[in-house]
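Numbering of ligands and ligand atoms starts at 1, following listing order.
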Amino acid sequence: MTNEEFRLHAHEMVDWMADYLGNLDQYPVTPGLHPGDIKGQLPFSAPLDGEDFKTIFSDFKSIILPGMTHWQHPGFFAYFPANNSEPSILAEMLTATMGAQCMLWLTSPAAEELEERMMEWMRDLLGLPKAFTGVIQDSSSSATLVALLTAREKKTDFAINRRGFPSAGRYRVYTSTQGHSSIDKGVKIAGIGMENLLKIEVDSAFAMRTDLLEEAIIRDIAAGYIPLAVVSTFGTTSSNALDPTGEIGSICEKYGCWHHVDASYAGTALMLPEVRGLMPGIGRCDSFVVNPHKWMFTNFDCSAYFIRDKQALINTFSILPEYLKTAEDKLVNNYRDWGVPLGRRFRALKLWFVIRTYGISGMQLKIRNHIAFGQWLKAEILKTRGIELMAPVPFNLVCFRFHPEGLDDEISLDDLNEKALKNINRSGKVFLTHTRLNGKYVIRFVAGQTHASQETVENGWKHIMNFY
Ligand SMILES: *Cc1c(COP(=O)(O)O)cnc(C)c1O
């Protein structure tokens with residue numbers, strides 16, 4: 001493709017992008033296809049000769065687009081959002097255009113220094129202590145793995161990095177029964193062993209019971225285990241439950257455990273002073289992760305990871321082959337040593353565009369609105385007969401189930417709700433997902449789309465009620 005052809009197609013594409021974003025509600029949120037439907041339309045092998053861009057783009061529209069789940073759709077209330085925004089998309093265009101690989105300061109000084117500054121902005125925005133240093137990771141899963149590895153190395157004076165595990169099964173990690181599956185994955189990869197991940201029971205609000213946490217730690221120490229880390233959650237995936245991070249912090253300090261706070265989704269709400277008040281002591285942790293790629297209008301992927309002991313992180317990951325040595329090594333951050341991959345995308349640019357476009361007040365307004373939509377839906381459910389609220393609603397995730405009067409058999413209720421959800425989603429107007437709380441099938445509704453409004457939320461709720 002020549003430069004002139006690129007210019008032409010890029011203009012066409014931008015028009016298409018703006019049309020897409022402006023007409024999202026015309027698409028079904030989910031495609032409703034069968035496995036293989038898309039693959040069956042793709043040739044068995046790569047073309048021998050190059051094809052022209054018109055054909056490729058036309059195939060994108062006819063084959064790929066109908067096979068997409070539209071995550072930015074106003075009827076998308078599933079999982080947690082991966083919301084983006086116009087400024088973030090524009091930044092991604094520039095990032096792709098420059099195509100820089102930002103592993104060292106030298107490989108793009110602006111990328112490294114902007115990332116440093118953005119992480120300082122984020123730290124202050126969320127009210128985290130100044131002692132924290134931030135770095136962008138590709139995902140929360142990576143950040144949690146990095147936290148567990150750093151905890152492991154700090155605890156063993158970096159011996160496992162050098163010699164491998166002395167013997168299996170000596171270290172313990174704790175989270176609640178509501179902790180995210182990325183913790184299980186991190187524990188597996190870090191060589192700690194799934195049997196050494198203890199899932200602490202929760203209270204009626206699905207928050208970790210600190211009395212049981214402390215009992216488990218005491219029991220483990222008596223049995224010869226070494227308590228390594230506690231992963232607490234600020235906003236669990238199932239119900240947005242808030243673990244008492246302050247109390248967990250004190251327990252960790254008492255027993256010399258690393259405390260990692262997984263605030264992947266709800267961490268964004270900490271930019272509101274009134275939410276920060278809910279969570280005294282959240283800064284008493286060793287590491288903290290929040291995903292701007294979930295609820296902060298920034299394209300996937302962008303995960304902000306904060307750590308108190310930056311040197312422990314670097315000592316855990318640093319590798320310095322001759323070909324990567326630079327004259328500035330002592331003066332700058334070389335982010336290749338701050339996580340698992342060597343190569344890194346330039347992710348700070350989109351964050352910079354987003355934060356500057358909305359400003360702190362603009363982002364706070366959006367987050368406050370989203371929380372208000374959640375509270376509106378909660379109130380709506382509480383006054384509707386035949387619908388049951390299934391968990392507290394701290395922010396904008398509402399867990400509910402249909403519960404017709406007189407039907408109290410749990411198996412029938414599970415069945416009814418599973419079928420209802422299938423029908424609701426089949427409409428293509430909205431997309432919701434489910435979880436289980438106390439063993440019960442529960443439908444989740446998240447109002448966190450960038451352009452969510454009272455209208456999109458009420459429309460979504462109307463569709464749900466129509467199909468029930
Ligand atoms: C989404 C989520 C994760 C995983 O995030 P990734 O960035 O996709 O790895 C971890 N923990 C919680 C609480 C989450 O909601």
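Salt bridge absent: E120 and R123 never bring a charged side-chain N and a carboxylate O closer than 4.0 Å. Here K429 does not pair with D25 in a salt bridge; the nearest charged N to carboxylate O distance is not below 4.0 Å. K154 and D286 are not joined by a salt bridge, as no carboxylate oxygen comes within less than 4.0 angstrom of a charged side-chain nitrogen. The pair R209-E201 does not count as a salt bridge, with every side-chain nitrogen at least 4.0 angstrom from each carboxylate oxygen.
Closest protein heavy atom to atom 9 (O) of ligand 1: S141 OG, 2.5 Å. At the top of the distance list for atom 4 (C) of ligand 1, counting protein heavy atoms only, stands H180 CE1, 3.4 Å. Scanning the protein for heavy atoms near atom 15 (O) of ligand 1, the closest one is K294 NZ, 2.9 Å. Atom 11 (N) of ligand 1 has D262 OD2, 2.6 Å as its closest protein atom, hydrogens excluded (heavy atom only). Looking from atom 7 (O) of ligand 1 to the surrounding protein, the closest heavy atom is S140 N, 2.8 Å.
Looking at ligand 1, you'll find an N or O of S264 within less than 3.5 Å of one of its N or O atoms.
Under the 30°/60° scheme for interplanar angles, the aromatic rings of W295 and H370 are found to lie parallel. Using a 30° and 60° split on the angle between ring planes, Y79 and W71 fall in the parallel class, below 30°.
If you look at F431 and H70, their ring centroids are not closer than 6.0 Å. A centroid separation of 6.0 Å or more is found between the aromatic rings of F132 and F288. When ring centroids are compared, Y27 and H73 stay outside the 6.0 Å threshold.
Close to ligand 1: N291, with a non-hydrogen atom less than 4.0 angstrom away. Using a 4.0 Å heavy-atom cutoff, S303 is absent from the residues neighbouring ligand 1.
For ligand 1, the atoms lying closer than 4.0 Å to a non-hydrogen atom of F80 are 15 (O). Residue H293 approaches ligand 1 through these ligand atoms, each under 4.0 Å from one of its heavy atoms: 7 (O). For ligand 1, the atoms closer than 4.0 angstrom to any heavy atom of S139 are 6 (P), 7 (O), 9 (O). Remark: ligand 1 atoms within the under-4.0 Å shell around heavy atoms of T237 are 12 (C), 13 (C), 14 (C), 15 (O). Under a 4.0 Å criterion applied to the non-hydrogen atoms of S182, ligand 1 contributes the atoms 10 (C).
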